[in-house]
Structure formats: C-alpha cells, structure tokens
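A quick write-up on the structure given underneath.
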Amino acid sequence: MFAGQGATFAQERGALTVTVEALAEREWPETVLAGGWLKPWHEAISAAEISGLRITDVFVDVGSVVTKGQALAQLADDTVRADLRKEEALLATAKADLAKAEANAERARKMKDSGVLSDEKIIEYLSAEQTAMASVQSAQALVESQKIKLSQTTIVAVDDGLITSRSAQLGAVVTSGTELFRLVRQQRVEWQAEVSARYRPLIEEGMTATIEGPRGQQLRGTVRLVAPTVSTDTGRTLVYVSLSADSRAPIGFYASGRIKLGIAPALTVPETALVVRDGINYVFTMDAEERVRRIRVETGRRNDGEVEIISGLTRSAMVVRTGGAFLSDGALVRVEGEAR
C-alpha cells in the first residue's frame, strides 16, 4: 500500500526510501492575476466663477479632508458688496416709483367713467404702472445677480473629499474658470486593473479582488465595472475595482493583485514534489514495480503549500512527495509508510 505523511530518504539495499502520495482533490478559489494603477474614483474641481478678484484667504491645503459646501478660499468682495448696495438702492427707488404709479393707476380706474380724466390720461397712468412694475422686477433681478456674485467670492468644495491639488495662491487675481482646487470625491480610490482579454467574459460586477498595496498591505476591493472595449495594442481590458474609503490607498501607485472568479476544483500535489529543471516543472511518479518516472507537468494555482496540476498526470498517479532532485528516471525506490 502507498501513502505517507512527509518524506524521508535513506540508502537501503541500493534503493532510496521515499514517501509517495496520490493527487488530492481540492476546491480552490479561481483567480486572475492583474496589475494596474491606483487612481481616484472621480475627481472634482473647485474653480473661480468670476474674474478680476484677488484671493484674500486660503483655508485648506493638499491633504485636507473637506465636506461639500465647505469654504476653501475667499476672494476680495468689497467691490461686489458695493455693487450690491447700489442695486438694492435702485430697487428701493423702483419700488417707490411703483407705489406712486399704482396709486395714480388706482385713481384712474375709479374715475374712468366719471369723465374727470380723459381716456388718454387714464391710459398714461395705467401704462406707467406697468412700466414701474417691470422696473421693480428688473431691479430685483439685478440684486439677485449681485447676491450670486457675492456668494461666488467664497470658493467652496463641490463634494466631500480629499484635496489633492491646490493652485490658489494668496494675493493672486483669478479669472473665470481658473482651477483653484482638485479633490478626490468621497475619498474613494479605485484600482484600474489590466487583465487578458480572454478573462473578460468571466469577470462580473461585484466580484472581489485582493490587491498588494505599495507598502505591502493587503487591500480588498469589489469590481465596479468591466470596460466594454479591449485594447488593440495590448490585447488587454480594464477592470475598475472600487476600494473602501477607509483603505487609505495611495493614489498614483502601480499595484498587482488577483480578482476572484469563483470556486473551481483542483488536482494538487505538495509543492515539495515539484522538480524544476531548465525552467520546466517535473514530478516523479512511482509504478507498480517501485520504479520512478520523471513526468513533465503544467502547474496552475498555489495555495497553502500545494500546487495545482493542470496537465501531465492522471488522477491515479502516485507522486514522490519530496526529494525528486536526488532521483533519476527509472530508478528503483523503496516506499516508506502507507500510501494515502
């Protein structure tokens, strides 16, 4: 009978004593090796919306964690406030003119059939009322416009996130559209992994991934999106893997990892059974006459000291557990212990 736990070798009666065992059947997770960059999930820009104003205060810097609507910088607002007061004064004047026009129009309506006022005068008063109402509406619009400009003198965060870039400098005069801050929305970072196109049909949203961080830490993520296209240059496709906000993954680093496809059966042998010669993997099997044969094999997944055999062996093969480097093809051996 064949089986064994561990392996020993001893020279006895011209034959080496070895431990052999059968291939094991395991249920292992099937994974895809991938590599890619750690990048922001989405970026957001806080920019100047008005021109010609000077930056008077900067409240945050690169690395600051901000919330939506938080003040990031302040522009000089003296001229904007002065313009606002001017427009409010014009609005007050327009309202006074409207009140006078409404009073005249009301008297004209009451006297319409009395003959005291001519039809021409009545029409004049009613038209003046309409004009005054339009003037008030126009003045109100101008006041609202100035209030919007005043609010734009405070540069705010457009979303929760982490500031990654700051171009706002104290004393600088901004122009409309000038980028002042850039942030990673909600501090979410993703791994943009490249995989071979042949794996694309197997990868789905929601699958888990394990990434080796730049400092050796293990990061876990979830597949958010599989790119709909394949690069004609590399034959690879992008898989977007979302990382949790608390992972604190550094942006801009290249990382490798694995995407878990599912559970698949595997025929395995101990890693110690492998003999590597000239870059080729071999194992030694033993036949009924207790002679070993060197067999070339193709390997796959590795897990907990075992390696998957993809091709080269049958399920019934008995494999020398350790010490293959001391054996030669066709050598006579002795078996230690019971085979399993």
Side-chain angles (χ1 to χ4, degrees), residues 25-46 63 65-68 157-165 179 181-268 281 297-304 306-311:
E25 294 189 16
R26 309 294 189 196
E27 292 292 327
W28 279 0
E30 188 173 9
T31 60
V32 175
L33 183 64
W37 297 95
L38 294 171
K39 294 186 176 182
W41 165 62
H42 282 159
E43 288 186 303
I45 293 172
S46 292
V65 177
V66 298
T67 57
K68 185 176 182 179
V158 297
D159 198 358
D160 298 346
L162 175 71
I163 300 293
T164 57
S165 173
E179 177 184 322
F181 300 92
R182 184 183 294 260
L183 60 83
V184 179
R185 292 185 60 195
Q186 300 170 24
Q187 300 188 64
R188 288 175 57 183
V189 178
E190 67 180 12
W191 181 45
Q192 297 184 7
E194 287 189 344
V195 299
S196 174
R198 66 191 180 95
Y199 293 114
R200 185 179 175 278
L202 305 177
I203 301 175
E204 300 177 352
E205 294 180 18
M207 287 182 171
T208 58
T210 304
I211 304 104
E212 291 287 342
R215 295 186 294 272
Q217 73 274 37
Q218 289 280 336
L219 305 175
R220 297 193 178 275
T222 304
V223 174
R224 176 178 69 85
L225 177 69
V226 181
T229 58
V230 175
S231 171
T232 56
D233 295 328
T234 63
R236 302 175 74 81
T237 190
L238 276 177
V239 178
Y240 299 86
V241 178
S242 296
L243 307 180
S244 61
D246 59 4
S247 67
R248 297 293 187 268
I251 297 170
F253 282 87
Y254 188 87
S256 60
R258 292 183 176 273
I259 300 172
K260 183 178 178 181
L261 300 181
I263 303 297
L267 288 175
T268 71
N281 291 314
V297 295
E298 296 294 329
T299 61
R301 294 166 285 174
R302 295 173 184 255
N303 186 27
D304 197 23
E306 295 184 323
V307 60
E308 179 184 18
I309 301 299
I310 297 176
S311 64

Can you find a pair of side-chain heavy atoms, one from I211 and one from L243, that are under 4.5 Å apart?
yes
Can you name the nearest heavy-atom pair linking G300 to I310, along with the distance?
CA-CD1, 3.6 Å
Compare every heavy atom of L219 with every heavy atom of A249, then report the nearest pair and how far apart it is.
CB-CD1, 3.9 Å
Measure from the side-chain N and O atoms of R301 to the backbone N and O of W28, and report whether any donor-acceptor pair falls under 3.5 Å.
yes
Is the shortest side-chain heavy-atom distance between T208 and R220 below 4.5 Å?
no
Looking at D159 and L183, what are the two nearest heavy atoms and their distance?
O-CD2, 3.8 Å
Is the shortest side-chain heavy-atom distance between Q218 and T210 below 4.5 Å?
yes
Looking at residues at least two apart in the chain, or sitting in another chain, which of them share a salt bridge (Lys or Arg N to Asp or Glu O under 4.0 Å) with E212?
none
Quick one: which residue pairs count as a side-chain hydrogen bond (donor to acceptor under 3.5 Å, both in side chains) with a foot in residues 186-195, not counting sequence neighbours?
E190-Q192, E190-R224
Working to the nearest 0.5 angstrom, can you tell me the gap between L162 CG and I251 CD1?
6.5 Å
Using residues 30-45 as the side-chain source, report each donor-acceptor pair under 3.5 Å to any protein atom, sequence neighbours left out, with the distance given to one decimal.
from: T31; atom 1: OG1; to: R258; atom 2: NH1; distance (Å): 3.2
from: E43; atom 1: OE1; to: R182; atom 2: NH1; distance (Å): 3.3

Between A157 and V66, which heavy-atom pair has the shortest distance, and what is it?
CB-CG2, 3.8 Å
Does the side chain of T67 come within less than 4.5 Å of D160's, by heavy atoms?
yes
